[in-house]
> 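Take this structure, written in structure tokens, and hold onto it; I'll ask about it next.
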Amino acid sequence: MSNDNGRVFREAWIAGVIKHYPGEPKPGYITPWDDTPDWERSAAAAVYEQVRQFIEISGGMTQKLTREQRGHFIATCWIAQIHKHIEDPKPGYVADYADLPEWQRETDADIFDAIEDQMRR
């Protein structure tokens with residue numbers, strides 16, 4: 001998996017947090033790629049790859065998914081990575097999509113869109 005792809009994921013996350021987070025985001029939410037922990041870089045690259053494969057396998061028909069479906073896919077993939085990398089995660093780290101704050105659901109949908117946009121280039 002490419003670190004460049006993980007970086008695309010992380011940069012889309014940061015942009016989404018800046019756009020959607022109400023107030024001042026926690027510093028960890030906007031930590032630049034180079035300062036992101038190794039496990040989180042690996043997780044970002046893995047989720048990017050899952051989305052890339054999903055788009056490819058569907059023949060690009062992911063464009064027809066709703067914004068909520070896009071965000072839900074990102075959230076589910078991320079939860080799997082949390083379980084892979086963190087033995088006993090906090091409940092908030094593995095919360096169901098419906099239980100996530102609006103800013104996070106919007107950010108997740110933005111991440112899907114960023115990956116899809118990059119693939120079109």
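Throughout, residue positions are numbered sequentially from 1 according to the sequence presented. As the structure is a computational prediction, the values presented were derived from the model and not from experiment.
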> For a 4.5 angstrom cut-off between non-hydrogen side-chain atoms, does V8 reach W33?
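Answer no - side chains too far apart.
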> Would a distance-only check, ignoring hydrogens and angles, find a side-chain to backbone donor-acceptor pair under 3.5 Å from W13 to Y29?
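Answer holds: yes.
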> Walk me through whether R70 and R105 qualify under side chain to side chain contact (heavy atoms under 4.5 Å, CB included).
CA-CA 9 Å; R70 293 160 170 267; R105 292 191 309 264; over 6 Å; no
> Which heavy-atom pair separates S42 from H85 by the least distance, and what is that distance?
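Looks like OG-CE1, 3.8 Å.
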> Is any side-chain N of the basic residue among D108 and R67 closer than 4.0 Å to the acidic one's carboxylate O?
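Salt bridge absent between D108 and R67.
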> Would D117 and R120 satisfy side chain to side chain contact (heavy atoms under 4.5 Å, CB included), going step by step from the backbone distance to the final call?
CA-CA 5 Å; D117 288 346; R120 278 195 219 117; 3.0 Å; yes
> Going through the distances and angles, do F54 and L65 end up as a side chain to side chain contact (heavy atoms under 4.5 Å, CB included)?
CA-CA 12 Å; F54 182 48; L65 296 177; 3.7 Å; yes
> Mind checking the CD-CH2 spacing from Q81 to W39? Nearest 0.5 Å is all I need.
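The distance works out to 9.0 Å.
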> Roughly how far, to the nearest 0.5 Å, is the CG atom of D4 from the CD atom of E11?
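Output value for this atom pair is 9.5 Å.
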> If you apply the rule salt bridge (Lys or Arg N to Asp or Glu O under 4.0 Å), what do you find for D34 with R7, and how did you get there?
CA-CA 9 Å; D34 291 335; R7 185 184 297 266; 3.4 Å; yes
> Between CD1 of I115 and CZ of F9, what distance do you get to the nearest 0.5 Å?
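Reported value, rounded in 0.5 Å steps: 6.5 Å.
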> Quick check: closest heavy atoms across I14 and P32, and the distance to 0.1 Å?
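Nearest heavy atoms, I14 then P32: CD1-CA, 4.2 Å.
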> Rounded to the nearest 0.5 Å, what separates atom CD in E56 from atom CD in E49?
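Going from the CD atom of E56 to the CD atom of E49 covers 8.5 Å.
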> What I want to find out is whether R10 reaches E40 closely enough, with some N-O distance under 4.0 Å, to be called a salt bridge.
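A salt bridge is present here (some side-chain N lies under 4.0 Å from a carboxylate O).
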> What is the minimum heavy-atom distance between Y93 and I79, and which atoms define it?
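Shortest heavy-atom contact: O-CG1, 4.2 Å.
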> Using the test side chain to side chain contact (heavy atoms under 4.5 Å, CB included), find all partners of A95 that sit at least two apart in sequence or belong to another chain.
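D99, L100.
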> Which heavy atom of Y97 sits nearest to which heavy atom of G71, and what is that distance?
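The answer is CE1-C, 3.4 Å.
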> Nearest heavy-atom pair of T107 and V17: which atoms, and what distance?
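Minimum heavy-atom contact is OG1-N, 3.6 Å.
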> Applying side chain to side chain contact (heavy atoms under 4.5 Å, CB included) to Q53 and Q50, what does each step give before you reach the verdict?
CA-CA 5 Å; Q53 288 179 14; Q50 288 177 287; 6.0 Å; no
> CD1/I30 to CG/D35 distance, rounded to the nearest 0.5 angstrom?
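If I round to the nearest 0.5 Å, the distance is 11.5 Å.
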> Any chance you could lay out the side-chain hydrogen bond (donor to acceptor under 3.5 Å, both in side chains) test for E68 and H72, step after step, and finish with the verdict?
CA-CA 6 Å; E68 182 176 337; H72 197 280; over 6 Å; no
> Please report the interatomic distance CG(D96) to OG1(T76), rounded to the nearest 0.5 Å.
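Between atom CG of D96 and atom OG1 of T76 there are 7.5 Å.
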> Using 30° and 60° as the class limits, which term best fits the ring planes of F112 and F73: parallel, tilted or perpendicular?
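Geometry flag for F73 against F112: perpendicular rings.
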> Are M119 and E116 packed together at the side-chain level, in the sense that at least one heavy-atom pair is separated by less than 4.5 angstrom?
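M119 vs E116: side chains apart.
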> For A44 versus G6, what's the shortest heavy-atom pair and its separation?
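Scanning both residues, the minimum pair turns out to be CB-O, 3.7 Å.
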